[in-house]
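One structure is given here, and the rest of the page talks about it.
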There are 2 protein chains.
Amino acid sequence: MMNTDYSRANLAEVLRGHGITPTHQRIEIAHALFSKMAHLSADQVLAIVNERHAETSKATVYNTLKLFVESGLVREVIVDPSKVFFDPNTDPHHHFYDIETGEITDIDAAKVSIAGLPDLPAGKVAAGMDVIIRVKRATA
Amino acid sequence: MMNTDYSRANLAEVLRGHGITPTHQRIEIAHALFSKMAHLSADQVLAIVNERHAETSKATVYNTLKLFVESGLVREVIVDPSKVFFDPNTDPHHHFYDIETGEITDIDAAKVSIAGLPDLPAGKVAAGMDVIIRVKRATA
DNA sequence: GATAAGAATTGGACTCTGTCTAACTCCGGC
DNA sequence: GCCGGAGTTAGACAGAGTCCAATTCTTATC
């Protein structure tokens with residue numbers, strides 16, 4: 001788990017630690033994701049980053065989010081057709097998605113298991129697997 | 001589970017049984033889904049239905065798939081950003097989705113369980129919940 | 001601190017999935 | 001067979017995401 005220092009200077013170090021050149025835009029995007037600690041869509045990230053002055057383009061937000069996903073800094077959560085969310089929490093966990101309200105709730109990874117996965121200890125869902133449970137009512 | 005007679009005449013009866021007026025287009029769409037018994041996207045359904053002569057519009061395919069989902073004839077499977085798949089198998093089950101190959105594999109519903117769902121017998125995932133497990137390698 | 005070369009960013013056009021609409025056609029009860 | 005409502009249609013539209021060539025920034029090296 002990441003520490004909780006979300007200063008620009010610290011975020012720059014975090015990016016360097018993941019082999020990412022810390023540009024202004026990338027730092028702002030990282031700041032948006034980590035300081036909110038919420039599941040954000042690319043659109044929401046774009047809006048937050050440009051709240052005061054428009055300074056980051058759509059292309060950069062998409063490029064950067066893709067880069068962050070590839071380097072394991074955030075996770076992609078695909079719950080909705082036509083909208084991907086980005087989750088700054090990379091601890092092993094899964095997601096409930098309420099179809100009706102659009103709400104996303106975390107589930108402890110240890111609580112989800114699948115029988116018949118002989119190569120996994122106790123049938124637990126392996127790290128790297130992304131379990132998304134779509135429900136019709138809030139179940140959290 | 002549905003029977004395996006995929007003749008137009010029988011599909012018309014199946015549609016009527018679900019309260020759906022069996023038009024030519026709807027029968028063709030049902031035929032595409034059930035005779036292949038595969039997870040198809042709206043685009044694929046459109047292509048299959050119009051293989052010989054263009055006779056069904058995009059709007060009708062979308063309308064019909066939505067109608068089929070609402071009446072429980074097929075299920076929506078949301079595994080990929082920007083593409084929804086439709087599954088003619090409505091038996092309770094869940095899905096593995098291989099991010100790299102795009103392959104979708106079924107999992108027996110009984111094999112997936114979540115701890116900490118007190119209102120559900122034995123922590124089993126409830127009917128109506130749609131569990132999608134996104135993996136990086138084929139795990140089936 | 002200046003320089004240079006590659007990396008990052010940009011805006012805008014573009015693609016793709018899916019929606020909407022208003023006119024037209026078909027289905028089924030009478 | 002007629003009629004009214006249900007179903008279908010083409011094409012315009014919307015929103016998320018991609019692409020590209022031109023520009024700007026970062027950083028290693030001096």
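Remember, it's a predicted structure, so these values are computed and weren't measured experimentally. First the proteins, then the strands, lettered A, B, ... as listed; each starts at 1.
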Practice item. Sugar-phosphate means primed atoms, P, OP1 and OP2; the rest is base. With that split, encode nucleotides 15-20 of chain D 5' to 3' as B, S or - using protein heavy atoms under 4.0 Å. Key: -SBBB-

Check your understanding: Rounded to the nearest Å, what distance is computed from the CZ atom of residue B:R26 to the P atom of nucleotide C:dG28?
Key -> 10 Å

Review point. Is there a donor-acceptor contact under 3.5 Å from the side chain of B:T60 to the main chain of B:T56?
Key: no

Revision key, fill the gap. So the salt bridge (charged side-chain N to carboxylate O under 4.0 Å, His left out) pairs with at least one residue in residues 15-42 of chain B (sequence neighbours excluded) are B:R8-B:E28, B:E13-B:R16

Practice item. Report yes if some heavy atom in the side chain of B:I132 is under 4.5 Å from a heavy atom in the side chain of B:H94; otherwise report no. Key: no

Check your understanding: Would you call the rings of B:H95 and B:H39 parallel, tilted or perpendicular if under 30° counts as parallel and over 60° as perpendicular?
Key -> perpendicular

Review point. Do A:D80 and A:Y97 touch side chain to side chain, with heavy atoms closer than 4.5 Å?
Key: yes

**Study point:** Qualifying residues under side chain to side chain donor-acceptor pair (under 3.5 Å), relative to A:Q44, sequence neighbours excluded
**Key:** A:S41

Study note, to complete from the structure: Per-helix bend value, the helix from C:dG1-D:dC30 to C:dC30-D:dG1, C1' rotation axes over five pairs per end, 10° rounding, shows 30°

Exercise for review: Please report the shortest heavy-atom distance between B:M37 and B:P88, naming the atom on each side.
Suggested key: SD-CG, 3.6 Å

Please write out each protein N/O paired with an N/O of nucleotides 21-28 of chain D under 3.5 Å, distance rounded to 0.1 Å.
from, atom 1, to, atom 2, distance (Å)
D:dT26, OP1, A:H24, ND1, 3.3

Exercise for review: Specify the separation, in whole Å, of atom CG of A:L65 and atom P of C:dT9.
Suggested key: 12 Å

Check your understanding: Once you round it to whole Å, what is the distance between P of C:dT17 and CD1 of B:I78?
Key -> 15 Å

**Study point:** Rounded distance (Å) that lies between atom C1' of C:dT19 and atom CG of B:L46
**Key:** 15 Å

Practice item. Please answer whether the main-chain N or O of A:E55 pairs with a side-chain N or O of A:N50 as donor and acceptor at a distance below 3.5 Å. Key: yes

Exercise for review: Please examine the side chains of B:L15 and B:T21, heavy atoms only from C-beta on, and report whether any two atoms are closer than 4.5 Å.
Suggested key: no

Practice item. Just jot down the side chain to side chain donor-acceptor pair (under 3.5 Å) partners of B:T23, sequence neighbours excluded, or say none. Key: none

